[in-house]
Engineer: 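Mind having a look at this structure? Questions to follow.
Just so it is clear, the structure is predicted and the values come from calculations on it, not from any experiment.
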Amino acid sequence: MDLRYEAFCFADRRFYDLQSSTESDLPGDDYSRELPPLPAGWVQAERNVWRHLHPRGVQLPKQGWKVHVSAGLDNAGKVLKATYDYCTERRIPFKYLRTASIVLARNSKYAPREGSGKLITIYPQSTEELQSIVTELAALLDGEHGAYILSDLRYGKGPLYVRYGGFSEQWLEVDGQQVLAIEGPDGELVPDKRKPVFSVPDWIELPEFLAPHLAERNAGDPDKFPYQIRSSLHFSNGGGVYLATRKSDGKEVVLKEARPHAGLDREGRDAVARLEREYEILTRLAGVEGVPEVYDRFTEWEHLFVAMEFVPGRSLGQWLGHNYPLTHKEVTDEQLAEYRPRALALIDRIEALMTRVHERGVVFGDLHTLNILVDDDDGVSLIDFELSSTIDDLHRPTLGAPGFQAPQDRDGFEIDEYPLAALKLWIFLPLNAVLELSPAKLGQHLHVIQQRFGLTDSYCQSIADVLTPRVDPPSDPAFTAFDDPEPDWTVVRKEIATAILHSATPQRQDRLFPGDIEQFEVGGAGFGFGAAGVLHALDVAGEGRFPEHEDWLIDALRRDPPKQPGFFVGAHGIAHVLENFGHHDIASEIVESYAALLPSTQDHGLSAGLSGIGLNLLHFADTRHDDGYAAQAEALADRLAKQLADVPPPGDKAKAGLMHGWSGPALFFLRMFEHTEERRWLRLSEQALERDLAETMVALDGSLQVRDGTFRSLPYVGIGGAGIALVLTEFAAVAPDRPCVEKLPGLLSGCTGEFVIQPAFTLGRAGLMATLAHANRHAPDDQLERSVQRHLTALGWHAVRYGGGLAFPGVQLRRLSMDLNTGGAGVLLAIASTVDDRPPLPFLGRTQTPVLQDR
């Protein structure tokens, strides 16, 4: 699970957003209210979560030693006021987090660990000034507290930390991603490492005055630590969970660590307070079957540690991944009948365990799929009691898993009864997070599980009785146009377009349509996560052109140009859309202005790399009948051919698929073959497809999917078998007798599973559906057609009413998304491709070269 998404859930209940992008609802939230006016000669600017303050005339270097100041929620205002006065009096540039809400979000349990604790960043102009700042500020801030900044070196015992890094933004491409960079000793850019561990670039010498502080950091005798850490099980901003051995007797334990002032919940309690509570609760539950025994509690390195019994088993979520029948390519009634009693028996065991916990007067408070372990005999245990409390001293949890946290109107043991009912639904249809976005979906989801698994009325009614909101029950109908026996797809497309257009925020400069969190990294104008892709989908689906939104896109391009040239995350995707919309001069300007970046672009993928750029150049060559663009495309294709010749073998982490694998270059080579009729490009296309096929495995259901680690397999478009299948389908139309084409049926069968956790195009159902429809157009097949129709109907499981239309949740189902890669625009494009025979994506859906026989 990508833990970054949690921090983007604080600002808005419907969309992923930066905390700074919405008006705060907390009184006095903005720290500027507590600060005096800026002195004359200062400039103030706001960028995302930060407020930058810079004295006129002060010229900073591009990089150097910076000072970070940490603080907690309770003392942030005091620490900021003291630092503000100090820096403004001495004309030292600095920035600070704008609001208390932002501080809470960046210090929450699942916020990125490398950024935790940072309230203020100060930019010294020299090593000498660095020494003065930390020496003098340490005295001013003596006794103040804050979370330990893991990426930095702590100065003394207070809230000051130092790190060498960039002052101004410089970017470098690494594995197809743009990362912040600094200049190396030869002037070349290298990554500005921002990991949760202190490090100094190889060519930089640690200032002498910091040496004692580094020695203090490294002090301590690890041999005196009473446990031997064997492996890490989990990390969060609040600390770690480790598998360890007790040195005194060799006993295997789970060791939990809590960092002070870090991992905050929404009431400001830190990880230490929660672990203290867990120790107390486990002590109270001693002897309860299914609850781990607690052994030890101690403090080391300012962190609290609790040792407890190691409980064998895998999480209920992992159990479902191995046993849930609807993910398989073909499901029989017998398989459903076998699954139902086993799932019901598990629920009964969990309910019995919760009864035993309640008999001790404990409210567990955090019942969800990761906190329930299932052993080989389907026995169950509970772990993670840090949100628990006693019935006579009840403390309502402010953290919780999406779809399982009890609403505010539940009290006492009802706080556990709610997630237990949610589990009864989840074990047959694991889409609970969607209910947080739309409680009205409950009726539809109950209908699905009753029809598919033959569940009794009383079972489904027991779920409805608990999960139906008591306050403001939903008035929206549970079912949508997707559920009609014969849906009117014109109506469905119009409803999706209506929701997309309703979500537009032309008054904002950072994004036009809400989407995935990646839009805050790569920009809100791009094809994959921004406005260009949304406008493309609306147009291709026949839902119209919107000049005012095209103007926003052009203005955004001028205001904040993309950081990279790639198609889905950079300039070429925007140029492609503007070219198709008739904005030819601007499209030309974009392509020409990013040509200088192409020699340094090494990524081969369609998303950020050379294949997406090359395909767009071929597109320009075709639309403009310009051989100059074709020559540029051929030069990139030659570079990719050299890369393909030296490509390393597959690694542990999956890359194969349309966005990041060699299927993107395979499509580019295929289009080069069509353009030139030179057979070498067809051979290269086959080699690129074979490279992606080398990363596939036979999945649990016998289909062919992309291997991700030892056991996990991926069927998706972005990374997965569907991405390979999209290109292989078009390759097969040209060279049907080549050996790689034999893999196509196995890849397509991996796209037919009835249940898909996300609706997205690149990471979910919409892309699988479009892949099957694309293949079915080339070679009609009744089984593929049935799977396509099943996907069309099941898209309704995610459809949420919004703005008079229908919207879809994005990655992790926490918030709605409108973008092409992860949200409504991608679903709209997939439906248009499936129902109206539109191209599923740019550069797909056209094979103009005659079929070649095997040779």
Engineer: Keeping the roles fixed (side chain from N432, backbone from A422), state whether a donor-acceptor pair exists under 3.5 Å.
Structural biologist: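 Side chain of N432 to backbone of A422, a donor-acceptor pair under 3.5 Å: yes, one is there.
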Engineer: Which atom names give the shortest non-hydrogen contact between T762 and N821, and what distance separates them?
Structural biologist: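 Looks like OG1-O, 2.9 Å.
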Engineer: Check whether the side chains of H536 and D539 place a donor and an acceptor atom closer than 3.5 Å, and report yes or no.
Structural biologist: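 No - no donor-acceptor pair under 3.5 Å links their side chains.
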Engineer: With N323, which of R342, E338, Q318 fulfils side chain to side chain donor-acceptor pair (under 3.5 Å)?
Structural biologist: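 In the set R342, E338, Q318, the residue that makes a side chain to side chain donor-acceptor pair (under 3.5 Å) with N323 is R342.
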Engineer: Looking at Y802 and A807, what are the two nearest heavy atoms and their distance?
Structural biologist: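 Residues Y802 and A807, closest heavy atoms: CB-CB, 4.0 Å.
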Engineer: Which atoms form the tightest heavy-atom contact between A732 and V741, and what is the distance?
Structural biologist: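 What the structure gives for the nearest pair is CB-CG1, 3.7 Å.
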Engineer: Are R4 and E518 close enough, and set up right, to give a salt bridge (charged side-chain N to carboxylate O under 4.0 Å, His left out), and what steps lead you there?
Structural biologist: CA-CA 10 Å; R4 297 177 301 159; E518 287 295 329; 2.9 Å; yes
Engineer: Would you call I613 and Y594 a side-chain contact if the rule is heavy atoms closer than 4.5 Å?
Structural biologist: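 Side-chain contact under 4.5 Å: no.
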Engineer: Using atom types as modelled and distance alone, determine if a side-chain donor or acceptor of R815 lies under 3.5 Å from a backbone N or O of C9.
Structural biologist: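 Yes.
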Engineer: Taking 4.0 angstrom as the limit, do R814 and E6 come out as a salt bridge?
Structural biologist: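 Salt bridge flag = yes for E6 with R814.
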Engineer: Side chain to side chain contact (heavy atoms under 4.5 Å, CB included), that's the test. Do L336 and R340 meet it? Break it down for me.
Structural biologist: CA-CA 6 Å; L336 295 177; R340 182 178 60 244; 5.8 Å; no
Engineer: Which pair of non-hydrogen atoms, one from E742 and one from P745, has the smallest distance, and what is that distance?
Structural biologist: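 Shortest heavy-atom contact: O-CD, 3.4 Å.
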Engineer: Keeping S600 on the side-chain end and L597 on the backbone end, is there a donor-acceptor pair under 3.5 Å?
Structural biologist: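 Yes; judged by distance alone, with no hydrogens or angles, the pair exists.
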Engineer: Is any side-chain heavy atom of L326 closer than 4.5 Å to a side-chain heavy atom of F453?
Structural biologist: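 Side-chain contact under 4.5 Å: yes.
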Engineer: With ring centroids as reference points, do F529 and Y16 lie under 6.0 angstrom apart?
Structural biologist: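 That pair fails the under 6.0 Å test.
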Engineer: Please step through side chain to side chain contact (heavy atoms under 4.5 Å, CB included) for the pair H791 and V756, ending with a clear verdict.
Structural biologist: CA-CA 9 Å; H791 279 314; V756 187; 4.1 Å; yes
Engineer: With the side chain counted from C-beta on, respond yes when Q564 and T601 share a heavy-atom pair under 4.5 Å apart, and no when they do not.
Structural biologist: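 No; the side chains remain at least 4.5 Å from each other.
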Engineer: In the structure I gave you, are the side-chain heavy atoms of L180 and W171 within less than 4.5 Å of one another anywhere?
Structural biologist: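 In contact.
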Engineer: Between Q705 (side chain only) and G720 (backbone N and O only), is there a donor and an acceptor less than 3.5 Å apart?
Structural biologist: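 Judged by distance alone, no pair lies under 3.5 Å.
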Engineer: State plainly whether the residues D17 and R511 are in salt-bridge range, i.e. N to O under 4.0 Å.
Structural biologist: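 So D17 pairs with R511 through a salt bridge.
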Engineer: Give me the atom names and distance for the closest heavy-atom approach of A654 to D708.
Structural biologist: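 Residues A654 and D708, closest heavy atoms: N-OD1, 3.4 Å.
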Engineer: Distance-only, no hydrogens or angles: does the K563 side chain make a donor-acceptor pair with backbone N or O of V569 under 3.5 Å?
Structural biologist: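 No, because the side chain of K563 does not come within donor-acceptor range (under 3.5 Å) of the backbone of V569.
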Engineer: With ring centroids as reference points, do H576 and F567 lie under 6.0 angstrom apart?
Structural biologist: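 Yes, close enough.
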Engineer: Can V727 and F843 be said to form a side chain to side chain contact (heavy atoms under 4.5 Å, CB included), step by step?
Structural biologist: CA-CA 10 Å; V727 181; F843 320 123; over 6 Å; no
Engineer: Provide the full list of salt bridge (Lys or Arg N to Asp or Glu O under 4.0 Å) pairs with a residue in residues 828-840, sequence neighbours left out, each pair given once.
Structural biologist: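 As it turns out, the salt bridge (Lys or Arg N to Asp or Glu O under 4.0 Å) pairs with a partner in residues 828-840, which skip direct neighbours, are R493-D836, R777-D837.
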Engineer: Do Q444 and D483 pair up side chain to side chain, a donor and an acceptor below 3.5 Å, judged on atom types alone?
Structural biologist: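 There is such a pair (donor and acceptor under 3.5 Å, judged by atom type) between the side chains of Q444 and D483.
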Engineer: To the nearest 0.5 Å, what is the distance between CG (L704) and NZ (K743)?
Structural biologist: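 That separation rounds to 6.5 Å.
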Engineer: Please check this pair: side chain of Q758 against backbone of L763, looking for a donor-acceptor N/O pair closer than 3.5 Å.
Structural biologist: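 Yes, the answer is positive, given that a donor and an acceptor are paired below the 3.5 Å cut-off.
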Engineer: To the closest 0.5 Å, what do you measure between NE2 (H604) and CG (L640)?
Structural biologist: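 It comes to 8.5 Å.
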Engineer: Is any side-chain heavy atom of V827 less than 4.5 Å from a side-chain heavy atom of I831?
Structural biologist: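 With C-beta onward as the side chain, the pair touches.
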Engineer: Do S663 and L689 have side-chain heavy atoms sitting under 4.5 Å apart?
Structural biologist: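 Contact flag for S663/L689 side chains = yes.
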Engineer: Is it the case that the side chain of R765 and the backbone of E754 share a donor-acceptor pair, with hydrogens and angles ignored and the cut-off at 3.5 Å?
Structural biologist: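 Side chain of R765 to backbone of E754, a donor-acceptor pair under 3.5 Å: yes, one is there.
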Engineer: What is the distance from atom OH of Y716 to atom CG of L658, rounded to the nearest 0.5 Å?
Structural biologist: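 Y716 OH to L658 CG: 16.0 Å, rounded to 0.5 Å.
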Engineer: Any side-chain heavy atom of L684 within less than 4.5 Å of one from L670?
Structural biologist: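 No, every pair of side-chain atoms sits at 4.5 Å or beyond.
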Engineer: What verdict does the salt bridge (charged side-chain N to carboxylate O under 4.0 Å, His left out) test give for E674 and R671, after you've listed the backbone C-alpha separation in whole Å, the side-chain angles of each residue and the deciding distance to 0.1 Å?
Structural biologist: CA-CA 5 Å; E674 292 175 1; R671 295 291 173 252; 2.6 Å; yes
Engineer: Mind checking the OG-CG spacing from S787 to D781? Nearest 0.5 Å is all I need.
Structural biologist: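 The distance works out to 8.5 Å.
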Engineer: Taking the side chain from Y324 and the backbone from F755, do they hold a donor-acceptor pair closer than 3.5 Å?
Structural biologist: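 No, Y324 side chain to F755 backbone: no donor-acceptor pair under 3.5 Å.
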Engineer: Would you say the side-chain atoms of Q519 pair up with the backbone N or O of F513, donor to acceptor, closer than 3.5 Å?
Structural biologist: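 Such a contact is found between Q519 side chain and F513 backbone.
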Engineer: How far does CH2 of W681 sit from NE2 of H675, to the nearest 0.5 angstrom?
Structural biologist: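 Reported to 0.5 Å precision, the distance equals 11.0 Å.
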Engineer: Could you state the interatomic distance from OG (S685) to CG (L728), rounded to the nearest 0.5 Å?
Structural biologist: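 That separation rounds to 9.0 Å.
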Engineer: Hey, mind stepping through I496 and F808 against side chain to side chain contact (heavy atoms under 4.5 Å, CB included) and telling me if it holds?
Structural biologist: CA-CA 9 Å; I496 298 172; F808 294 83; 3.9 Å; yes
Engineer: Apply side-chain hydrogen bond (donor to acceptor under 3.5 Å, both in side chains) to residues H368 and N371 and explain how you reach the verdict.
Structural biologist: CA-CA 6 Å; H368 62 82; N371 287 347; 3.1 Å; yes
Engineer: I'd like to check the salt bridge (Lys or Arg N to Asp or Glu O under 4.0 Å) partners of R691; sequence neighbours left out, ordered by chain and number.
Structural biologist: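 So R691 forms a salt bridge (Lys or Arg N to Asp or Glu O under 4.0 Å) with E695.
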Engineer: State, yes or no, whether a side-chain contact exists between I372 and L346 at a heavy-atom distance under 4.5 Å.
Structural biologist: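 Side chain of I372 against side chain of L346, heavy atoms only: no contact under 4.5 Å found.
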Engineer: Sub-3.5 Å donor-acceptor pair from the side chain of S611 to the main-chain atoms of L606, do we have one?
Structural biologist: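 Here the side-chain-to-backbone pair exists.
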Engineer: Of all heavy-atom pairs between A633 and F668, which one has the smallest distance, and what is that distance?
Structural biologist: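 In terms of heavy atoms, the two residues are closest at O-CZ, 3.2 Å.
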Engineer: Answer yes or no on whether R738 is positioned over the face of F731, meaning its NZ or CZ is under 6.0 Å from the six-membered ring centre and within 45° of the axis.
Structural biologist: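 No - R738 does not lie over the ring of F731 by the 6.0 Å and 45° rule.
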